[in-house]
Amino acid sequence: MSEMDSNQVVDLLYWRDLQRTGVVFGASLFLLLSLSVCSIISVISYVALALLSVTISFRIYKGILQAVQKSEDGHPFKMYLDKDVGISSELVHKYGDTALAHFNSLIKELRRLFLVEDLVDSLKFAVLMWILTYVGALFNGLTLLILGLIGAFSWPVIYEKHQAQIDHYYGLVNKQIKDVLGKIQAKIPGAKPKTE
């Protein structure tokens, strides 16, 4: 992702432009909530019908207005129809190469974890998967996406306002976790503690 793209994402998540962030957050949340109630085909159909209703109504309105005023304004969506909406091959290659690099590193990491290159890391992964079985029993994937979206749009603002307190408690929790992991590693035969 380029510098400008990442700055725009940061501005969205920190609510720098309230109107733009509100539209993105509201539309995303509405889409996810709609998907939790209806199938994806129904949601796409309803969104397309709503969009068509607005554009057809606006086109008819502008046509009637032009007939009454006897003006020659032309098609109301002319500037959008003239725009190039194609995706450049450079953009596809750029993001495709980035996705491929991430996918390959994921495959290498999973191979390392499943083939137990490091016992402690594989045990941590096993504990994570065990915890995720309980999370999966409580929530479905769509619920987790909704919670993730709400967290992504609320956590940065909360952290920005209460950074000192959050950092303090995070440090305490992180120290406790490191202590417990150190004790566990000391009791596991053949486990080598990681150097930082």
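No hydrogens, no waters, no symmetry mates; every other heavy atom, side chains included, goes into these values. Here the structure is a predicted model, which is why all the values come from computation and not from measurement.
Inter-residue side-chain proximity for L181 and K124 is flagged as met; some heavy-atom pair is nearer than 4.5 Å. Looking only at side-chain heavy atoms (C-beta outward), N174 and K178 come within less than 4.5 Å of each other.
Distance NZ/K83 to NZ/K78: 14.0 Å, rounded to 0.5 Å.
The backbone N or O of K94 sits less than 3.5 Å from a side-chain atom of T98, completing a donor-acceptor pair.
Side-chain polar atoms of S42 and S39 form a donor-acceptor pair below 3.5 angstrom.
Ring geometry for F77 against F58 counts as tilted: the plane angle lies between 30° and 60°, on a 0 to 90° scale. Ring pair F153/W15 is perpendicular by interplanar angle, where above 60° counts as perpendicular and below 30° as parallel. A perpendicular orientation is assigned to the rings of W130 and Y134, their planes being inclined by more than 60° (bins at 30° and 60°).
Looking at every heavy atom in both residues, T21 comes nearest to R16 through OG1-N, 4.5 Å. Between P156 and G151 the shortest heavy-atom distance is CD-O, 3.8 Å. When all heavy atoms of P76 and K62 are compared, the pair lying nearest together is CB-CG, 3.8 Å. Heavy atoms only, all atoms of each residue included: V157 and L13 are closest at CG2-O, 4.0 Å. The two residues L31 and V43 have their closest heavy-atom pair at CD1-CG1, 3.6 Å.
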Any chance you could lay out the side chain to side chain contact (heavy atoms under 4.5 Å, CB included) test for I158 and H162, step after step, and finish with the verdict?
CA-CA 6 Å; I158 292 169; H162 305 288; 4.2 Å; yes
Check the pair L128, L132 against side chain to side chain contact (heavy atoms under 4.5 Å, CB included), reporting the backbone distance first and the verdict last.
CA-CA 6 Å; L128 175 66; L132 286 179; 4.2 Å; yes
Run the numbers on I150 and W155 for side chain to side chain contact (heavy atoms under 4.5 Å, CB included), then give the verdict.
CA-CA 8 Å; I150 292 170; W155 175 250; over 6 Å; no
Stepwise side chain to side chain contact (heavy atoms under 4.5 Å, CB included) test for F139 and L147
CA-CA 10 Å; F139 304 106; L147 292 173; 4.2 Å; yes
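Between L123 and the options L119, V127, D121, a side-chain contact (heavy atoms from CB on, under 4.5 Å) holds for only L119.
With a 6.0 Å radius and a threshold of 12 heavy atoms from other residues, nucleotides or ligands, M79 has its CE atom at or below the threshold. The number of heavy-atom neighbours closer than 6.0 Å to CG of L115, taken from other residues, nucleotides and ligands shown, is above 12. Within a 6.0 Å sphere centred on CD of Q165, heavy atoms belonging to other residues, nucleotides or ligands number more than 12.
In the hydrophobic clustering of this structure, L18 groups with F25; members are Ile, Leu, Val, Met, Phe, Trp, Tyr whose side-chain heavy atoms approach within less than 4.5 Å, directly or through other members. A continuous path of Ile, Leu, Val, Met, Phe, Trp and Tyr side chains, each step under 4.5 Å between heavy atoms, connects I184 with V116, placing both in one hydrophobic cluster. A chain of hydrophobic side-chain contacts below 4.5 Å, direct or via other Ile, Leu, Val, Met, Phe, Trp or Tyr residues, connects L106 to F125. Under the 4.5 Å side-chain heavy-atom criterion for grouping Ile, Leu, Val, Met, Phe, Trp and Tyr, V37 is not connected to L149 through any hydrophobic cluster. The same ILVMFWY cluster, assembled from side-chain heavy atoms under 4.5 Å apart, contains both I41 and V47.
A salt bridge does not link K183 with D179: every distance from a Lys NZ or Arg NE/NH1/NH2 to an Asp or Glu carboxylate oxygen is 4.0 Å or more.
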